[in-house]
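Worksheet for the structure shown next.
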Amino acid sequence: WARGAAAMALFGAFREALLSKAAAGVPGSKEAADFVEARADDVSKALAAFAASGELASGAALPASCYNDFYKWTMFPVMRAVEEAKDGDIRCTFSVNIRDADCRRKLYESAIGQGDPALFSELKERLGALQQRLFDRSLFGRCVAEYGFPGWGAAAL
């Protein structure tokens with residue numbers, strides 16, 4: 001029951017935040033709140049997997065790939081809006097935020113030739129491999145069809 005209560009508390013806080021933003025007239029928040037209200041059971045079930053800290057409620061580690069996929073999902077509407085506003089003239093940049101000071105220093109030294117070049121080379125190789133990771137349009141399409149995401153129709157995909 002405690003896990004269920006925690007999930008309901010997380011869902012409740014999320015719901016209240018959306019409703020507050022909708023009441024304040026934040027663009028898109030009413031649609032988001034309506035979406036969550038219409039799918040309250042599903043959203044609550046999804047949130048039940050997480051603690052309020054964002055960690056898995058089970059205590060297990062999150063796989064790194066979940067961050068990539070979550071980023072794609074959250075940025076998709078933004079990317080489409082920018083593409084439309086700029087007639088497709090989009091340039092993407094990428095940055096690496098290394099939070100550990102020692103790791104950040106080692107990477108910097110590797111990049112400027114004052115440290116082992118293997119670290120910087122490895123980073124560039126791994127980032128290059130991300131370019132080969134395909135955008136799974138069929139998965140997005142299935143989710144759009146099943147959940148009816150507003151504004152995420154065939155034209156967006």
- Query: Taking all atoms of both residues into account, what is the closest heavy-atom pair of A57 and A48, and its distance?
  - Reply: CB-O, 3.9 Å
- Yes or no on side chain to side chain contact (heavy atoms under 4.5 Å, CB included) for V36 and F11, after CA distance, side-chain angles and deciding distance? CA-CA 10 Å; V36 168; F11 172 76; 3.7 Å; yes
- Message: Quick test of your reading: applying salt bridge (Lys or Arg N to Asp or Glu O under 4.0 Å), list the pairs with at least one residue in residues 18-28, sequence neighbours left out, ordered by first then second residue.
- Response: none
- Would you call E37 and D34 a side-chain contact if the rule is heavy atoms closer than 4.5 Å? no
Test of understanding: clusters of I, L, V, M, F, W, Y form through side-chain heavy atoms closer than 4.5 Å, transitively. Do [X] and [Y] belong to the same one?
X    : Y    : value
L127 : F120 : yes
L19  : L10  : no
L119 : I98  : yes
L56  : L47  : yes

- State whether the side chain of S110 and the backbone N or O of G115 hold a donor-acceptor pair below 3.5 Å, judged by distance alone. no
- Task: Would you check if the side chain of S121 reaches a backbone N or O of P117 as a donor-acceptor pair within less than 3.5 Å?
- Result: yes
- Task: Find the distance between CZ (R104) and CG (L107) and round it off to the nearest 0.5 Å.
- Result: 10.0 Å
- Message: Applying salt bridge (charged side-chain N to carboxylate O under 4.0 Å, His left out), can you list everything that pairs with E109, at least two apart in sequence or on another chain?
- Response: R105
- Heavy-atom neighbours of D41 CG exceed 12 at 6.0 Å: no
